[in-house]
Amino acid sequence: MEFNLLHSDKETKARAGNIISDHGEIETPIFMPVGTAATVKAVHQRELKDDIGAQIILGNTYHLYLRPGINILEQAGGLHKFIGWDKPILTDSGGYQVFSLAEMRKLKEEGVTFQSHIDGSKHTFTPENVVDTQRSIGADIIMALDECPPGDSDFRYAQKSMELTHRWLKRGVDHFHNTGPKYGHSQSFFPIVQGSSFKDLRKQSAEFIAGFGMEGNAIGGLSVGEPAEVMYEMTDVVTDILPQDKPRYLMGVGTPANILESIALGVDMFDCVMPTRNARNGMLFTSEGIINIKNKKWENDFSPIDTQGPTFVDSFYSKAYLRHLIISKEILGAQIASIHNLGFYLCLVKEARKQIIAGTFSKWKNNMITKVSERL
RNA sequence: GGGGAGAUUCCAGAGCGGUCAAACGGGGUAGACUGUAAAUCUAUUGGCUAAGCCUUCGGAGGUUCGAAUCCUCCUCUCCCCA
């Protein structure tokens, strides 16, 4: 994998670049749709590629390991072939499940033991075996196993947690170097900065992570309950330290406004379930603002979903129709809303990239944040 | 024509003398959702001059300190047998 930094904004820390992987190029800043269980929920691969313009998607190690299982993925020849996606894939290590399935796991020095949310069976993830699993999945970018502590963790816990993540990282990197890809294309390994809401810890973690000289670096443990201001502050501290010539990935972020602010802080890659999950729950992100399509006010609004929207659904279907579908829990509603939201996200980062290259990012960003945050 | 069951707040359906503005669902309305245990979850759902008051349980009377709950008559629905 290669990263070319093309432009750096003068007023902010925003950057435009290219990531070149064996599955093609990614133009940064980029948003990566989340496809946890071998599918970006409610969206076809063809729509993802042709309509939405996704350049890379996510998968999740924990979920894929439980179902369909590594054996099936290996028989399929890897996740790309299994799902019919020939562009890059990034897999999360299962670190987030340490956080989201907190009540069903045990943390130890060796690794983390989960109780499957499907059948209750016990499984242990270690820094080493998640590398193996991600080798079998065949993701282009694989993530280190980390502990993602809650946003309101106290200093002592945050420090302990960060140190564990660092020890795990060392083991993970070693194992990554001692193993190789299984399907012919190369894989990159991203370490993850932790440190919760403490600047000192974040700094320390970023320095530690940078020391490994991996092909990209991630910022984790944010957007987990802390105020947005804290998230920006932490991101700001970290991007000052992480190498300029490697892509930075802010994990799990966020709202359109979060993404624009973080681009300004020097982040290149994002992922978030928000556009897809919220779509299924009736929330639409548009360039005019946020729409709760379930609200009565849209009942007889037969105007297009988003006249400025980049995807075919935006002009093809009306708000009233989409409202009907979502309220009736019709599957098509989830499909339309998901395509719309993802299309909007991808379009947003594409425009941000243009503005960075044109040198007009700062002004555009501030204006855009006000618009996209408004509630319609 | 004979016999039986029932009418409850938007729907459906509990309640069978006070703790009932009335359970549980559904529907309605609003909110949440950030490396997906989520096509999920939460709140609210008679009115008001709102820790109180007013009007509601088919209709009209009655019994009782007190009735959605008991009695009488009326209206209407449904089921079974002819």
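Hydrogens, waters and symmetry mates are skipped; everything else that's a heavy atom, side chains included, is used.
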For the pair Arg171(A) and Glu110(A), find out whether any cationic side-chain nitrogen is under 4.0 Å from an anionic carboxylate oxygen.
->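 Yes.
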Residues Lys365(A) and Glu261(A) bridged, charged N to O under 4.0 Å =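 Counted as a salt bridge, because a side-chain N and a carboxylate O are separated by less than 4.0 Å.
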Selection from [options] that lies nearest to any side-chain heavy atom of [X]:
X	options	answer
Lys41(A)	A38(B), G31(B), G35(B)	A38(B)
Ser93(A)	A37(B), G35(B), A30(B)	G35(B)
Leu58(A)	G35(B), A38(B), A30(B)	G35(B)
Ile192(A)	A39(B), U34(B), G35(B)	G35(B)
Asn295(A)	U29(B), G31(B), U34(B)	G31(B)
Asn281(A)	U36(B), A32(B), G35(B)	A32(B)
Arg375(A)	G35(B), U36(B), A32(B)	A32(B)

Can you find a donor-acceptor N/O pair under 3.5 angstrom joining the side chain of Asn60(A) to the base of U36(B)?
->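 Absent.
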Check: G31(B) base within 3.5 Å donor-acceptor of Asn292(A) side chain =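 Such a pair does not exist between side chain and base.
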So what's [N] paired with, Watson-Crick or G-U wobble, going by both distances under 3.5 Å?
N	value
A32(B)	U40(B)
G17(B)	none
A68(B)	none
C48(B)	G52(B)
G25(B)	C11(B)
G58(B)	C74(B)

How many whole angstroms separate atom [atom1] of [X] from atom [atom2] of [N]?
X	N	atom1	atom2	answer
His123(A)	A37(B)	NE2	P	15 Å
Ile339(A)	A39(B)	CD1	C1'	15 Å
Trp298(A)	U29(B)	CH2	C1'	16 Å
Arg323(A)	A39(B)	CZ	P	21 Å
Asp152(A)	U34(B)	CG	P	14 Å
Ile290(A)	G31(B)	CD1	P	11 Å
Leu145(A)	G35(B)	CG	C1'	12 Å
Lys294(A)	U29(B)	NZ	P	10 Å

Ring geometry between [Y] and [X] (parallel below 30°, tilted from 30 to 60°, perpendicular above 60°):
X	Y	answer
His185(A)	His80(A)	perpendicular
Phe361(A)	Trp364(A)	tilted
Phe114(A)	Phe125(A)	perpendicular

Under 4.0 angstrom, heavy atoms only, what part of the nucleic acid is [X] near: base, sugar-phosphate, or nothing?
X	value
Gln194(A)	base
Ser116(A)	nothing
Glu330(A)	nothing
Asp271(A)	sugar-phosphate
Met104(A)	base
Gly333(A)	nothing

Please check if the side chain of Gln45(A) supplies one atom and the backbone of Ile83(A) the other of a donor-acceptor pair under 3.5 Å.
->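 Looks like yes, one N/O pair under 3.5 Å.
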Ignoring hydrogens and geometry, is there a side-chain-to-backbone donor-acceptor pair from Thr28(A) to Ile30(A) under 3.5 Å?
->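 No, because the side chain of Thr28(A) does not come within donor-acceptor range (under 3.5 Å) of the backbone of Ile30(A).
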Closer to the 5' end of RNA chain B via nearest nucleotide, is it Asn258(A) or Lys297(A)?
->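 That would be Lys297(A).
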Please figure out whether Tyr96(A) or Ile331(A) has its closest RNA chain B nucleotide nearer the 5' end.
->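 Checking each residue's closest nucleotide, the 5'-ward one belongs to Tyr96(A).
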Less than 4.0 angstrom between a side-chain N/O of [X] and OP1 or OP2 of [N], yes or no?
X	N	result
Gln97(A)	G35(B)	no
Ser223(A)	G35(B)	no
Thr36(A)	U36(B)	yes
Lys329(A)	U40(B)	yes
Arg277(A)	U34(B)	yes

Can I get a per-line list of side-chain donor-acceptor pairs under 3.5 Å for residues 64-73 of chain A, giving both atom names and the distance, sequence neighbours left out?
residue	atom	partner	partner atom	Å
Tyr65(A)	OH	His123(A)	ND1	2.8
Asn71(A)	OD1	Gln75(A)	NE2	3.3

Using atom [atom1] of each nucleotide, how far apart are [N] and [M] to the nearest Å?
N	M	atom1	value
U56(B)	A82(B)	P	45 Å
U64(B)	U45(B)	P	37 Å
C70(B)	C57(B)	C1'	16 Å
C54(B)	C20(B)	C1'	16 Å
U34(B)	G27(B)	P	24 Å
C79(B)	G59(B)	P	24 Å
G25(B)	G31(B)	P	23 Å
C24(B)	U8(B)	C1'	15 Å

Applying ring pair (Phe, Tyr, Trp, His ring centres under 6.0 Å), run through His117(A) and Tyr62(A) and close with a yes or a no.
-> CA-CA 10 Å; His117(A) 67 281; Tyr62(A) 166 84; 5.5 Å; yes
